[in-house]
Structure formats: structure tokens, C-alpha cells
S.K.: 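The structure that follows is given in the form of C-alpha cells.
In what follows, chains carry the letters A, B, and so on, assigned in the order in which the sequence lines appear, proteins first and then strands, with residues in each chain numbered from 1.
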Number of protein chains: 4
Amino acid sequence: MSVNKVILVGRLGRDPEVRYMPNGEAVANFSIATDEQWKDRDGNRQTRTEWHNITLYRKLGEIAGQYLRKGGLVYIEGRIQSRKYTGKDGVERTAYEIIGNEMKMLGSKSDNAGGGNYQEPQGGDYGQSQSYNAPAPAAAPPAAPRRQENRPAPAPVDDIDDDIPF
Amino acid sequence: MSVNKVILVGRLGRDPEVRYMPNGEAVANFSIATDEQWKDRDGNRQTRTEWHNITLYRKLGEIAGQYLRKGGLVYIEGRIQSRKYTGKDGVERTAYEIIGNEMKMLGSKSDNAGGGNYQEPQGGDYGQSQSYNAPAPAAAPPAAPRRQENRPAPAPVDDIDDDIPF
Amino acid sequence: MSVNKVILVGRLGRDPEVRYMPNGEAVANFSIATDEQWKDRDGNRQTRTEWHNITLYRKLGEIAGQYLRKGGLVYIEGRIQSRKYTGKDGVERTAYEIIGNEMKMLGSKSDNAGGGNYQEPQGGDYGQSQSYNAPAPAAAPPAAPRRQENRPAPAPVDDIDDDIPF
Amino acid sequence: MSVNKVILVGRLGRDPEVRYMPNGEAVANFSIATDEQWKDRDGNRQTRTEWHNITLYRKLGEIAGQYLRKGGLVYIEGRIQSRKYTGKDGVERTAYEIIGNEMKMLGSKSDNAGGGNYQEPQGGDYGQSQSYNAPAPAAAPPAAPRRQENRPAPAPVDDIDDDIPF
DNA sequence: TTTT
DNA sequence: TTTT
């Protein structure tokens, strides 16, 4: 009865952060930039960058952690989701994020590499069943950390679900 | 080089508010609900409603004011845009909204009517050139109010761009 | 590395036809109309109707058979797929269809009803894992027909994969 | 009242062909490949390539002719449109194409270059008002050829609207 | 915080 | 006909 769909193509501002929920499922967070350009009334070219906070769960989150890199170009399909939280300053705010259910690495050349000993070093597309997509389980410490092979360990678990959302 | 696209189908929580910028161009604001449903681990059906703040400029804004109504089903295509603002409490927050560039009324029956003496009383689709879409001009009092025929006058101009974004 | 996505909202020209593959999985076929309207150079309003052939597999196909009806408004998300076939006249042609992986019934009122003794008589949304979506298995006779409760039996199995694609 | 939207990201099989209508407006034609990959029941990785015929009118068509190149990665947003035609063999067929209203060059590196003396040698995004998009004017000889600077002249005009659609 |  |  309703549709909530977002399609983004943009570049990562940083490498993804991958954390694990108590049940061992991965949660990857990163943000991507999209730019819009237009000419103002004086004919001057203007640019505006929008940063989108992306959250990928489970298998997609793991793949993001393995293959996506700062500066890489990525296609994300998902939905908009808001979340209320209270900051360190005691102020309630609303955070918005994109919960992705589809992710495809674009830009075949240098960016988003990752290589390592994986079979898909360059590009690929990955889907996730919408039906598995329970809304925004809060990130939490991993039962079994499952360290990534070719990148640093995820942030310490006590950093998770801190007061700043992204 | 990047894509920022949102596609929503949902119902309006209230009638649109239409205001006018100094140059006489319309700005319509309203929010629409999308629902997602899933089963939790106990097999219980869960529902979550997300409210999306929509902004339509110019011709699209005028058409929204004329035809869209609380409860009506609408298709919106646009882009995500954030905006920083400082609330009455002096706290800075970020508001997110969807700047629509396409709008189509769905739900042929009672909702979204409007009828009046227009030729398209029921449904219709309306596009807007992306190139006309300068990013988020701040809403402002109308140079020439151009009252809507079949709905109440827009909110008093001194309400516009107040501290609460939506 | 690539994206092939179609989003349609339109009305069914006929009730869906549901057939079954040898393994018992459902395949629903129907077409939906989309209209575009524009003004020609003389200012006359023109309309053009495009008919889209939709194919839904498995669970989505079953749900379509149960709930979608001629005239009903439906949201379909999927991908474009072509298929070569040779007609009765011995001529090879290419058929295009939309393989849907998401379907949502819109238009809450009379259309698309179905009612019966199902829990979701009016609207609802249904997803399908992309990963289950093997490309276009040919439709075939059912191993176990599983008659639909509130609609006529599917077309005789020897009609399936005939020379005319839709 | 309806939506007909296609979003594609894929690579061009050849350089675009640009022709001109009698009124001097450009029409660019090219096809792009999208791939889907899945594992069959034996766990073997399968690939299927779909070729999409793209048509871009006016400004978008000119930009495509200037910047898009064989092998380049491109984002296309548009609508599905069918067209009946009779081939040399006297057989009537239906051709499907995507009429694009948005085009963005992706893949910043080598592909899609074009450089020349233009200001946007690498990537960029270009929109087109939906409202200008009259359905499929037939391609025709140019009133004023307007030769492209950095590519060969368009196909001879008597090749246009021949019996084979793409 | 990305990229051109 | 592209690409990895």
C-alpha cells in the first residue's frame, strides 16, 4: 500500500565501519556524497553536496566492509528511515539514514578495490531479501567478532549506539 | 556523476500548505506516510510508519495545493535534501525533506478529489524540469498572493521559515 | 556492476493468468497500462497508452493470482527481460517483459479486491528476494495444480509456452 | 495516474549514433548492456546479458553524442516505449526502447572520455524536462547537420527509419 | 568525509 | 555490441 524507495549513486567519504550485533550479524555504516549542480540567476555554476548515511545489515554489511573503500563509487538502493535519539547534550534529535537492500560497486578502476584473496576484487552486485529486512535493529557488540581479513578491526564495541548517530 | 533519487507512494497526513516566495513562486509542504510491515521473530506482525516531509516548488506546488488532500494517495519522485536550522530552544538540528520533481495523484476514488471547475478532477501526473530546480530556496511571503480557489488561504506569512522546519 | 530496474504503476488489462511450472512454482502473467499525456505543437492534449507484460514467479505470482484483478491499480518493481521466440508463422521475434520482484496493490477501494477469506483483502505489499530470482524459467504445466479458491482455473497447460508470448 | 520509469546503469556496446530531425533536433541511439548473475541449482555461476536500446532526444542526445563512448558506463533514467514497424521481410514486429530523460556519465577514468575542448571532459549529469518529451518523434534528416567536433559524421540520412529499428 |  |  506504500512505497519508500531510495536510489543513490555516490562516493564514500570514508571506509565503512562494520560492527556486529549480539546475534553475530554484521551492520555496516558509511556515508556517500551526491552532488547537484545548477546555475544561479547570474549564470554562475553552483554545487551542493549532500551526505547520505547508509546502513547495511547482514550479508550486505559484510560485503560492504570487505569491498567498499573511501572514494569508491557505489549504487545503493534502499529505504529512508528515521530514528530518534538523545545526544550527549541531552537534546533529542532525529537521525535519518538509508537502509540499503541492494548494493553494487561501480567504477571499475582503482576505487573500491579491495582485491585481497577474494574472487570478486573489482565490481559486483549484491541483493538482499526485503523480507529479511527487519527495521533497524540497534547495533550491538558481536557475539563472535569474525575479524575482517583485509582491513582494521571494527570499532570497539563500547562505541556502538553512542549518542552521536553517525 | 551521482544520483539522488527518491520514489514514494503514500498518503498525506494533512492538506498541503502552500506559501509564496517573494518572486511569487509557490512552495507546497506536506508529509506523507509510508508503512512497512514485517514479522518479528515470534511471528507477530509488526508495522512501522515513516513520515516524509515533502516540498514542491512552483507549478508542482500550486497543483499540490489545488488537488492533494489529507488522506489522498500520491506518488512523489524527487531527491533527499538536508537543511540545518536552529530551533527556538537555540539547538541546531538538521531537517530532511524530499524535494519533489514529479507528482502523480493515485487513488481514483474519493481521496485527493478537489474537483472544482478544473479539467482534471481525479488523477493526473505532473512533471517539472529538473533544471529549474534550484536547491531549496527559502520559503517567503508572496509578492502576489494568488489565492487558491478551492481551499483556505495559505498560512500567514510571518509563520514562514519559523524555527520548526515542518 | 550494472542496474536494470523498472518501476511501474498502472492498471491491469485483464485478470492475471497463473500457471505452474513442473516443480510446482507459480508463474503469473498479466499486462498493465501506463498512460502518458502531453500537448502537441498545436496545444492539443494527446494521450498514449503503453502496455507492459508482467511476469511474477513463485509466491509473488500466487499473490497476484489471488488479489490482482482487471482494472486494479498496481505498483510493480522489477527488471526488463527479452526473450526470443518463433511464432506460428515461423517468424522469429523478440518479446519483452518485466520480471517483477516487488508488487504492491494500490487503489484501496473497489478495484483489486479479491476479499474472499484472506486476511489482506484490500492492499498490501509483497517482496521477493532478488537472489531467488533465476532468470525466466519457462512456464510449464503444474505438477500439482493447487486451484485458486476465488477465481477460475488457470489456462489449460497445453496453452503454455505457445507461440505467442503474451 | 500511472508511472513508467526505468533506471539503468550499464556499458555502451558502441558509440552513440546521432541523427537530426527536420527541425534540427538531435536524436541519439545506442544500446547498453546490463548483466545479471545468479547461481543455478548446481551452484554454477550463470550470467545473462540484456541489451537495452536507448533513445535520447534534443540536448541530451547531443551530449550523448559528444561524451558517451563505446565501453563507457552510464546511468539512464527514462521510460519504456514500444513501436510497431515492418521489416524488410514484410513482417510486423514490435521494437522496445528506453526514451531517456536523464543521463549521467559514470566511471570517471578512461571510459566515456571525449575531452576535446569541452568544459566537462569526464563526468556530469544532464536532465531534461519531462514536459518537453513528446513521445518518439521519428528520426529524420537534419535541417542543419551541425557536425560533431570530435567524432565522425552521423549516418547518412537515407539510413534513418529504415526497416531495422536498432 | 568523497569526487571532478 | 559492452564490461569483469
S.K.: Separation of Met1(C) atom CE from dT3(F) atom C1', in whole Å?
M.R.: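 So the CE-C1' distance, Met1(C) to dT3(F), works out to 6 Å.
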S.K.: For the pair made of CD in Glu36(A) and P in dT4(E), what is the distance, rounded to whole Å?
M.R.: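 It works out to 20 Å between those atoms.
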S.K.: Rounded to whole angstrom units, what separation is found between the CD1 atom of Ile32(A) and the C1' atom of dT3(E)?
M.R.: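 Going from Ile32(A) (CD1) to dT3(E) (C1'), I get 12 Å.
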S.K.: Assess whether one donor atom and one acceptor atom, taken from the side chain of Thr49(A) and the base of dT2(E), lie less than 3.5 Å apart.
M.R.: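 In this structure, the two groups form a donor-acceptor pair.
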S.K.: Checking Thr47(D) against Glu36(D): is there a side-chain donor and acceptor pair closer than 3.5 Å?
M.R.: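 Their side chains do not contain a donor-acceptor pair, so the 3.5 Å distance test is not met.
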S.K.: Which nucleotide sits closest to the side chain of Ser31(D): dT2(E), dT1(F), dT3(F)?
M.R.: dT1(F)
S.K.: Can you tell me the distance, in whole Å, between the NE2 atom of His52(A) and the P atom of dT1(E)?
M.R.: 17 Å
S.K.: Checking Arg83(D) against Gln81(D): is there a side-chain donor and acceptor pair closer than 3.5 Å?
M.R.: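 Not at all, the side chains of Gln81(D) and Arg83(D) share no donor-acceptor pair under 3.5 Å.
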S.K.: Which residues pass the side-chain hydrogen bond (donor to acceptor under 3.5 Å, both in side chains) test with Thr94(B), sequence neighbours left out?
M.R.: none
S.K.: Measuring from the side chain of Trp51(D) (C-beta onward, heavy atoms only), which nucleotide among dT3(F), dT2(E), dT1(F) has the closest atom?
M.R.: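 Nearest nucleotide to the side chain: dT1(F).
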S.K.: Starting at atom CG of Leu73(D), determine the distance to atom P of dT3(E), rounded to an integer number of angstrom.
M.R.: 18 Å
S.K.: Would you check, one step at a time, whether the test side-chain contact (heavy atoms from CB on, under 4.5 Å) holds for Val91(D) with Thr86(D)?
M.R.: CA-CA 5 Å; Val91(D) 173; Thr86(D) 303; 6.0 Å; no
S.K.: Return yes if some donor-acceptor pair links the side-chain N/O of Glu50(B) with the main-chain N/O of Ser82(A) below 3.5 Å, else return no.
M.R.: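 Side chain of Glu50(B) to backbone of Ser82(A), a donor-acceptor pair under 3.5 Å: yes, one is there.
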S.K.: In whole angstrom, what separates Glu50(A)'s CD from dT2(E)'s C1'?
M.R.: 14 Å
S.K.: How long is the line joining CG of Asn4(C) and P of dT3(F), in whole Å?
M.R.: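 Taking atom P of dT3(F) as the reference, CG of Asn4(C) is at 19 Å.
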S.K.: Please state how far atom CZ in Arg11(A) lies from atom C1' in dT2(E), giving the value in whole angstrom units.
M.R.: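 Computing the Arg11(A):CZ to dT2(E):C1' distance gives 8 Å.
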S.K.: Just checking, is any N or O donor in the side chain of Asp40(D) or Gln46(D) under 3.5 Å from an acceptor N or O on the other one?
M.R.: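 Yes, side-chain donor-acceptor contact under 3.5 Å.
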S.K.: Less than 4.0 Å between a side-chain N and a carboxylate O, is that true for Lys5(A) and Glu77(C)?
M.R.: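 Looking at Glu77(C) and Lys5(A), the cut-off is met.
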S.K.: Out of dT2(E), dT2(F), dT1(E), which has the shortest distance to the side chain of Ala33(A)?
M.R.: dT2(E)
S.K.: How does DNA chain E look in dot-bracket notation if pairs are Watson-Crick or G-U with both distances under 3.5 Å, crossing ones as [ ], other-strand ones as |?
M.R.: ....
